[in-house]
Amino acid sequence: TSVLEEQMDVRLRQFSGTDEDEEDEHVEFTISDNVYTVEDAIEACGFGWFQIKLSVVAGLVWVVDAMEIMVLSILAPEARCDYGLEPYQESLITTVVFGGMFLGAGLWGKFLDKFGRKRGLFIICVLVSVTSLISAFAPNYISLLVFRCAVGFSVAGSAQAATYYAEFLPAKNRAFCIVLMEMFWALGTIGEVLLAMLILGRLDLNWHWLLGFTAVPVVIDLLAFVFVPESPFYYITAGKNGKAKKVLERVARDNGTKLPSGQLVSTGEKRWIELLRKDIQESEMQTNQLSAEEDTNDSNKEMQSDDTAKLMPTKREFTRISLALIWACSWVSGKCEIDKMTDREMDGQTDITSVNCFRETSYIAATQGRSQELLSTIFTLNYSCVTSVFY
């Protein structure tokens with residue numbers, strides 16, 4: 001974990017797959033952990049045996065929808081003869097069904113979002129079966145209209161089967177499978193016509209029996225819901241990540257595949273984590289860039305110091321140079337004094353042919369405190385010694 005991650009101390013909480021009556025446990029993980037969404041898991045599981053089972057269950061819902069719609073074309077003429085209805089009364093038998101669908105279409109979507117896809121579809125199938133059976137025992141025309149309107153209200157939620165089915169499909173198979181569900185609608189319409197031919201034709205029974213047998217596929221579909229789980233999208237939206245992961249593990253097990261490694265999160269949480277990781281990476285890059293610039297500046301300063309140190313003489317060299325300058329100055333000064341004394345000798349004033357002259361002069365200058373004459377004598381002696389070495 002980088003230093004920035006430790007400083008930010010980012011933690012996310014995830015619900016476990018415990019029962020609702022138990023306390024939910026949570027797992028803390030940092031943004032450096034691997035995460036995946038339900039979409040990622042469905043793509044990893046692919047299309048397999050689980051989706052085939054689900055196709056049958058969701059398809060049966062569409063079969064029920066098709067049969068309840070198709071039966072209207074058979075029910076209305078039969079009821080007109082049975083009740084002696086006028087043409088407008090006959091048309092109302094069909095109209096009230098679509099009126100009920102109009103009322104229920106806007107409510108079932110909200111209901112399934114709040115209580116779950118599987119639970120909502122199960123309740124829809126129960127209502128369809130109950131209202132269809134009750135309408136089969138309608139004693140009069142008004143009660144028939146009321147019960148058929150209730151059937152239409154219930155059937156309006158059957159379209160949610162396509163949503164439930166699509167949430168388990170990989171992206172590459174989704175369009176094909178959703179369109180393929182129209183096959184179940186065709187099977188429902190054909191099945192209702194065949195059922196009517198059997199009940200009203202061969203068996204010579206009335207429309208009450210037809211409505212009763214039309215409810216049989218709904219009961220079969222209710223039993224089939226036992227073999228399919230709740231939608232993981234509903235669980236992840238409700239914050240029940242543990243249950244969503246259990247459903248995805250079941251899908252992977254049925255298909256013989258494996259889930260992605262890491263923690264299961266919602267799509268919004270994953271996007272938030274990715275943005276946070278991006279911010280951390282940019283901060284680290286800026287920090288590294290600043291550190292590199294500082295290192296470069298330090299290196300340049302060290303190189304400049306090394307160049308300056310190379311140009312500056314060492315202490316020993318400085319001492320040698322200083323001594324050489326002192327010697328040169330003393331030599332020049334001594335030469336000047338020799339030249340003066342030579343001039344005086346030529347004038348008959350001084351004799352410098354021996355060293356004793358220098359000693360005597362130095363002694364006299366030192367005893368009498370004449371420092372200038374003492375230095376001149378020393379410089380002269382220095383010049384004489386050096387000159388004698390060279391010559």
Side-chain angles (χ1 to χ4, degrees), residues 14-20 24 35-65 104-128 154-181 184 221-255 257-260 263-270:
Q14 180 184 40
F15 290 99
S16 65
T18 55
D19 295 333
E20 294 181 354
D24 287 334
V35 294
Y36 66 93
T37 62
V38 176
E39 294 92 337
D40 299 331
I42 294 297
E43 293 296 329
C45 293
F47 188 91
W49 175 242
F50 178 86
Q51 280 76 15
I52 294 175
K53 293 189 300 182
L54 190 64
S55 300
V56 176
V57 176
L60 283 175
V61 178
W62 280 57
V63 168
V64 171
D65 187 9
L107 300 177
W108 284 117
K110 295 290 185 180
F111 183 85
L112 268 67
D113 286 340
K114 185 174 182 180
F115 297 101
R117 306 283 190 265
K118 176 184 174 181
R119 183 182 301 177
L121 287 173
F122 185 84
I123 293 174
I124 288 171
C125 290
V126 170
L127 290 177
V128 171
S154 305
V155 169
S158 61
Q160 295 297 324
T163 303
Y164 174 65
Y165 180 49
E167 290 179 350
F168 286 95
L169 294 174
K172 63 180 181 180
N173 305 108
R174 192 171 300 149
F176 174 78
C177 293
I178 293 298
V179 174
L180 193 64
M181 285 192 68
F184 290 94
D221 202 16
L222 289 174
L223 299 176
F225 270 107
V226 178
F227 303 99
V228 292
E230 180 59 82
S231 170
F233 282 93
Y234 166 73
Y235 280 142
I236 204 74
T237 304
K240 302 176 182 180
N241 295 27
K243 290 185 176 181
K245 189 171 184 179
K246 283 188 174 182
V247 173
L248 294 172
E249 289 174 349
R250 176 179 174 180
V251 176
R253 184 171 59 253
D254 290 348
N255 292 349
T257 55
K258 293 183 180 180
L259 294 178
Q263 299 290 340
L264 177 63
V265 296
S266 64
T267 303
E269 289 173 338
K270 184 179 180 180

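Looking at every heavy atom in both residues, Cys45 comes nearest to Leu259 through SG-CD2, 3.7 Å. Residues Ala162 and Ile178 approach most closely at O-CD1, 3.8 Å, considering heavy atoms. Nearest heavy atom pair, residue Lys258 against residue Ala44, reads O-CB, 3.9 Å. Smallest separation of non-hydrogen atoms from Pro260 and Ala41: CD-CA, 4.0 Å. Residues Ala244 and Leu264 approach most closely at CB-CD2, 3.8 Å, considering heavy atoms.
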If you apply the rule side chain to side chain contact (heavy atoms under 4.5 Å, CB included), what do you find for Ile124 with Leu112, and how did you get there?
CA-CA 10 Å; Ile124 288 171; Leu112 268 67; 4.1 Å; yes
After noting the C-alpha distance and the side-chain angles of Asn255 and Phe47, does the key distance pass the side chain to side chain contact (heavy atoms under 4.5 Å, CB included) rule?
CA-CA 7 Å; Asn255 292 349; Phe47 188 91; over 6 Å; no
Next item on the list: For side chain to side chain contact (heavy atoms under 4.5 Å, CB included), just list the numbers for Tyr36 and Val265, CA-CA rounded to whole Å, side-chain angles, deciding distance to a tenth of an Å, and then say yes or no.
Entry: CA-CA 6 Å; Tyr36 66 93; Val265 296; over 6 Å; no
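Considering only heavy atoms from C-beta on, Pro232 comes within 4.5 Å of Phe168 through its side chain. Looking only at side-chain heavy atoms (C-beta outward), Glu230 and Lys243 stay at 4.5 Å or farther from each other. Side-chain contact between Val228 and Tyr164: present, with at least one pair of heavy atoms (C-beta onward) separated by less than 4.5 Å. Asp254 is listed as a side-chain neighbour of Arg250, based on a closest heavy-atom distance under 4.5 Å. Side-chain contact check for Phe50 versus Thr257: every heavy-atom pair is 4.5 Å or farther apart. Residues Val57 and Leu121 are not in side-chain contact: their nearest non-hydrogen atoms beyond the backbone lie 4.5 Å or more apart. Contact of the Val155 side chain with the Leu127 side chain is not registered, since no non-hydrogen atoms from C-beta on lie closer than 4.5 Å.
For the atom pair NZ of Lys118 and OH of Tyr234, the computed distance is 12.5 Å after rounding to the nearest 0.5 Å. Separation of atoms OG1 (Thr237) and NZ (Lys114) is listed at 15.0 Å; rounding is to 0.5 Å. Distance check: Cys177 SG to Ile52 CD1 gives 9.5 Å after rounding to the nearest 0.5 Å.
Using cut-offs of 30° and 60° for the angle between ring planes, the Phe115 and Phe111 rings count as tilted. Taking the six-membered ring where tryptophan is involved, the planes of Phe225 and Phe122 are perpendicular, since the angle between them exceeds 60° and thus also 30°.
Not one N or O on the side chain of Tyr165 forms a donor-acceptor pair closer than 3.5 Å with the backbone of Gln160. The main-chain N or O of Leu169 is never found under 3.5 Å from a side-chain atom of Gln51 such that the two would form a donor-acceptor pair. A donor-acceptor pair is defined here as one N or O able to donate and one able to accept, closer than 3.5 Å; such a pair exists between the side chain of Asp40 and the backbone of Thr37.
When Val64, Leu60, Val63 are each tested for a side-chain contact (heavy atoms from CB on, under 4.5 Å) with Phe184, only one passes: Val63.
In the model, Asn241 has no side-chain atom that pairs as donor or acceptor with a side-chain atom of Gln263 under 3.5 Å.
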